[in-house]
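Worksheet: the structure to be examined is printed underneath.
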Amino acid sequence: MDISYIVTIFLIGFIGSFVSGMVGVGGSIIKYPMLLFIPPMLGFSALTAHEVSGISAVQVFFATIAGVWAYKGTGYLHRKLVMYMGSSILLGSFIGAFASGFFEETAVNLVYAILATIAVVMILMPKKQIPDQPAHLISFNKPLASGLSFVVGIASGIVGAAGSFLLIPIMLTVLKLPTRVTIATSLAVTFLSSIGSTVGKVATNQVLFMPAAVMIIASLIASPIGAKIGQRTNTQVLQWILAMLILGTSIQIWYNLIW
């Protein structure tokens with residue numbers, strides 16, 4: 001890798017991780033299309049969908065560690081929900097990541113596009129705003145939370161994402177959690193999901209370790225900064241930022257699949 005390629009990958013990782021830390025996602029929903037389209041636009045060799053999903057899986061693992069640490073002690077982290085959803089999504093993401101090694105590249109992109117479209121629809125659905133309150137005072141449907149996170153884990157494991165771009169709308173619209181509790185808790189669940197995705201991608205030789213290392217460094221710097229800013233940002237603004245990012249990437253992937 002020459003220096004210009006390293007700088008390109010670092011900037012993709014930094015921008016994606018900053019935004020992902022702010023809105024509470026692992027970052028694959030943002031960095032997947034950036035890694036897929038930006039390097040060839042700048043004259044570098046294009047990465048395959050499998051390589052992009054492998055890099056994304058490893059990067060998310062480290063980005064979410066940094067993001068969760070930034071929310072430590074805020075009272076927004078719902079530990080019981082993390083336990084129920086995290087264990088289910090960990091199993092599902094490993095199954096999805098391992099199975100993705102047998103998928104065609106077009107199929108990986110198609111799964112990504114479908115997931116992103118579903119996420120946008122769920123985020124933009126009208127919903128009652130739940131006031132912020134300490135996580136330990138909030139109850140939730142345990143079987144529903146576990147079942148949904150398992151399904152999300154399988155689908156997101158295929159594309160190397162940790163599923164937070166689906167977990168957040170599920171937590172907001174189905175489990176009816178406050179936005180800040182959702183953001184903090186989804187980062188922790190995403191971290192557990194990324195373990196399964198990373199192991200599955202490494203086991204099936206889908207990870208380019210040098211670009212992944214550059215992305216990891218960028219994530220560890222940018223994700224905590226984004227998380228700190230997100231704690232002070234209006235929750236409605238955070239939801240709209242996330243929705244617009246996912247909508248844009250979804251349109252781009254669909255365009256490339258169809259044309």
Side-chain angles (χ1 to χ4, degrees), residues 13-32 56-90 92-93 115 119 122-123 130 132 134-136 138 140 145 148-149 152-153 156-157 160-175 177-198 215-216 218-233 235 237-239 241-243 245-246:
F14 189 94
I15 294 169
S17 295
F18 175 83
V19 176
S20 66
M22 187 168 66
V23 298
V25 298
S28 292
I29 191 69
I30 302 165
K31 280 165 272 193
Y32 185 98
S56 296
V58 175
Q59 174 273 324
V60 168
F61 176 82
F62 289 91
T64 48
I65 292 176
V68 171
W69 187 260
Y71 274 96
K72 182 183 177 184
T74 61
Y76 294 128
L77 199 61
H78 200 309
R79 289 178 170 79
K80 185 173 287 188
L81 182 58
V82 170
M83 182 181 68
Y84 276 91
M85 296 190 78
S87 57
S88 298
I89 204 169
L90 174 60
S93 64
L115 294 180
M122 292 185 70
I123 290 175
I130 308 297
D132 284 324
H136 69 275
I138 301 170
F140 62 95
L148 289 173
S149 59
V152 170
S156 59
S164 53
F165 61 98
L166 281 173
L167 288 174
I168 287 179
I170 285 174
M171 289 179 178
L172 290 172
T173 61
V174 181
L175 300 180
L177 301 178
T179 299
R180 296 199 192 281
V181 171
T182 293
I183 290 174
T185 304
S186 70
L187 280 169
V189 175
T190 298
F191 164 67
L192 295 176
S193 172
S194 69
I195 296 173
S197 296
T198 299
M215 293 283 285
I216 288 166
S219 298
L220 293 176
I221 297 171
S223 186
I225 299 173
K228 289 296 184 183
I229 292 175
Q231 291 173 31
R232 298 191 294 269
T233 304
T235 55
V237 173
L238 293 175
Q239 287 186 37
I241 290 173
L242 181 60
L245 286 169
I246 297 174

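Counting begins at 1 with the first residue of the sequence. Quick caveat, the model's predicted, so the values are computed rather than measured.
- If you take CD1 on I225 and CZ on F18, they are separated by 7.5 Å, rounding to the nearest 0.5 Å.
- Rounding to the nearest 0.5 Å gives a distance of 9.5 Å between CG of L148 and CG of L167.
- Using a 4.5 Å heavy-atom threshold, the side chains of L177 and L81 count as touching.
- V82 has its side chain out of reach of M85: every pair of non-hydrogen atoms, C-beta onward, lies at least 4.5 Å apart.
- Checked options S93, S87, S88; the residue passing with S149 is S88 (criterion: side chain to side chain contact (heavy atoms under 4.5 Å, CB included)).
- In this structure the side chain of F140 never reaches within 4.5 angstrom of the side chain of M171, judged on heavy atoms.
- H78 contributes a side-chain N or O that, together with a main-chain N or O of I138, makes up a donor-acceptor pair within less than 3.5 Å.
- The heavy-atom pair separating T190 from S186 by the smallest distance is OG1-O, 2.5 Å.
- The line from CD1 of I89 to CZ of F191 is 13.0 Å long, rounded to the nearest 0.5 Å.
- Annotation for G13 and A218: closest pair C-CB, 3.6 Å, computed over non-hydrogen atoms.
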